[in-house]
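Here the structure is laid out as structure tokens; the discussion comes afterwards.
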Amino acid sequence: RNSYQRPSPVSRCARMGRGNVLRLGEFVYNELMSNYDSIPDTLAHIEQVRFFLGITINIFLKRAFLHDKSKLEEPEKSLFDKYTPLLRDTTYGSYEYNQHLSEMGAALQHHYAVNNHHPEHYVQGINGMNLFDLLEMFCDWYAASKRHADGSMVKSLEYNREHFEMSDQLFEIFMNTYHEINLHDF
């Protein structure tokens, strides 16, 4: 019986010198990969994504709870009491609508300053926002469009595209999101 044992790929690599390491490294890699099972890595990836989605959900739940709470106290409440019915009876983005907004003055400026889901909160406007701000803004715009007798989310998005210098890409993402929401019966 032959007592010769074939050297392991690692020891062969060490004996062969640096020039042959790559070729032998490929051999070792191919040997390892031929027995590779992707399930553990995929399950670990899925768990990591679930973890980040959980964080995201918690952030959105906090935002949902805190949304526009500043309107419930001064310096905002009294002016929103006066102007909300007036704004509701006008067309979003119209001269009359914008006139009412300008009359709200300091209360509206306070609202923008303490609510980062408004582009006016940031010096850079929409470009200063993060995804959480953007999605809350989208939901805010959608809910506001439902308040107006002649409200339309599509018209609001078209107006805001120009008003806030929204990129074509973001506009399309918002339109896609609007259509996705409307596929579901809530």
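Source: prediction; values computed, not measured.
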(Q) Could you check whether any side-chain N or O of Asn130 sits under 3.5 Å from a backbone N or O of Asp133, counting only pairs where one atom can act as donor and the other as acceptor? (A) yes
Q: Could you tell me the separation between the CD atom of Glu165 and the CG atom of Leu170, rounded to the nearest 0.5 Å?
A: 13.0 Å
Q: Locate the shortest heavy-atom distance separating Ser152 from Ser145; write the atom from each residue and the value.
A: C-CB, 3.9 Å
Q: Please test Glu120 against Phe164 for side chain to side chain contact (heavy atoms under 4.5 Å, CB included), starting from the C-alpha separation and ending with a verdict.
A: CA-CA 9 Å; Glu120 297 89 346; Phe164 294 113; 3.4 Å; yes
Q. Does Leu135 reach the side chain of Leu131, with side-chain heavy atoms less than 4.5 Å apart?
A. no
Q. Tell me, do Lys77 and Lys71 make a side-chain contact under 4.5 Å, heavy atoms counted?
A. no
(Q) Under 4.5 Å between side-chain heavy atoms, counting indirect links through other Ile/Leu/Val/Met/Phe/Trp/Tyr residues: same cluster for Ile173 and Met129 or not? (A) no
Q: Please work out which of the three classes, parallel, tilted or perpendicular, describes the rings of His117 and His67, given edges at 30° and 60°.
A: tilted
Q: Show your working on side chain to side chain contact (heavy atoms under 4.5 Å, CB included) between Glu47 and Leu43 and close with a plain yes or no.
A: CA-CA 6 Å; Glu47 283 303 311; Leu43 290 173; 5.8 Å; no
(Q) Just checking Gln169: does its CD atom have more than 12 heavy atoms from other residues, nucleotides or ligands closer to it than 6.0 angstrom? (A) no
(Q) Would you compute the distance between atom CD of Gln109 and atom CE of Met104 and round it to the nearest 0.5 angstrom? (A) 10.5 Å
Q) Can you find a pair of side-chain heavy atoms, one from Tyr178 and one from Asn182, that are under 4.5 Å apart? A) yes
Q) Are Ile46 and Leu53 linked, directly or through other ILVMFWY residues, by side chains that come within less than 4.5 angstrom of each other? A) no
Q.
Check this for me: His163, atom NE2, are more than 12 non-hydrogen atoms of other residues, nucleotides or ligands nearer than 6.0 Å?
A. yes
Q) Backbone N or O of His111 within a donor-acceptor pair of the Glu76 side chain at under 3.5 Å? A) yes
Q. Linking I/L/V/M/F/W/Y whenever any side-chain heavy atoms sit under 4.5 Å apart, do Leu72 and Phe65 land together?
A. no
Q. Hey, is the main chain of Gln99 close enough, under 3.5 Å, to the side chain of Ser102 for a donor-acceptor pair?
A. yes
Q: Report yes if the side chains of His118 and Asp140 come closer than 4.5 Å at any heavy-atom pair, otherwise no.
A: yes
Q) Got a sec, which residues hit ring-ring contact (aromatic ring centres under 6.0 Å, His included) with Phe138, two or more places apart in sequence or on another chain? A) Phe174
Q) Same hydrophobic cluster for Met153 and Ile181, using side-chain heavy-atom links shorter than 4.5 Å among ILVMFWY? A) yes
**Q.** Closest heavy-atom pair and its distance - Gly93, Tyr97
**A.** N-CD2, 3.6 Å
Q) Heavy atoms, side chains only, cut-off 4.5 Å: are Asp168 and Arg161 in contact? A) yes
Q: Could you verify whether a donor N or O on one side chain and an acceptor N or O on the other, from Asp41 and Tyr36, lie under 3.5 Å apart?
A: yes
Q) Side chains of His100 and Thr90: closer than 4.5 Å at any heavy-atom pair? A) yes
**Q.** Residue pair Trp141 / Leu157: nearest heavy atoms and the distance that separates them
**A.** CE3-CD2, 3.8 Å
Q: Compare all side-chain heavy atoms of Thr91 with those of His148 and state whether any distance is below 4.5 angstrom.
A: no
Q | Gap separating the NE2 atom of His121 from the CG atom of Asn116, nearest 0.5 angstrom | A | 5.0 Å
Q.
Rounded to the nearest 0.5 Å, what separates atom CG in Asn127 from atom OG in Ser167?
A. 7.5 Å
(Q) To the nearest 0.5 Å, what is the distance between CG on Asn115 and NE2 on His110? (A) 8.5 Å
(Q) Quick check: do Thr56 and Phe132 have side-chain heavy atoms less than 4.5 Å from each other? (A) yes
Q: Evaluate whether atom CD of Glu74 has more than 12 neighbouring non-hydrogen atoms of other residues, nucleotides or ligands under 6.0 angstrom away.
A: yes
Q) Between atom CE of Met166 and atom CG of Leu134, what is the distance when rounded to the nearest 0.5 Å? A) 9.0 Å
Q: Output, in order, the C-alpha distance, side-chain angles, deciding distance and verdict of side chain to side chain donor-acceptor pair (under 3.5 Å) for Tyr92 and Asn98.
A: CA-CA 8 Å; Tyr92 178 72; Asn98 289 322; over 6 Å; no
Q | Hydrophobic cluster membership, Val114 vs Leu66, 4.5 Å side-chain cutoff | A | no
**Q.** Trace of the side chain to side chain contact (heavy atoms under 4.5 Å, CB included) decision for Met137 with Ile126
**A.** CA-CA 10 Å; Met137 176 182 72; Ile126 284 180; 4.1 Å; yes
Q.
Does atom CD1 (Ile39) have a neighbourhood of more than 12 heavy atoms from anything else shown, all under 6.0 Å?
A. no
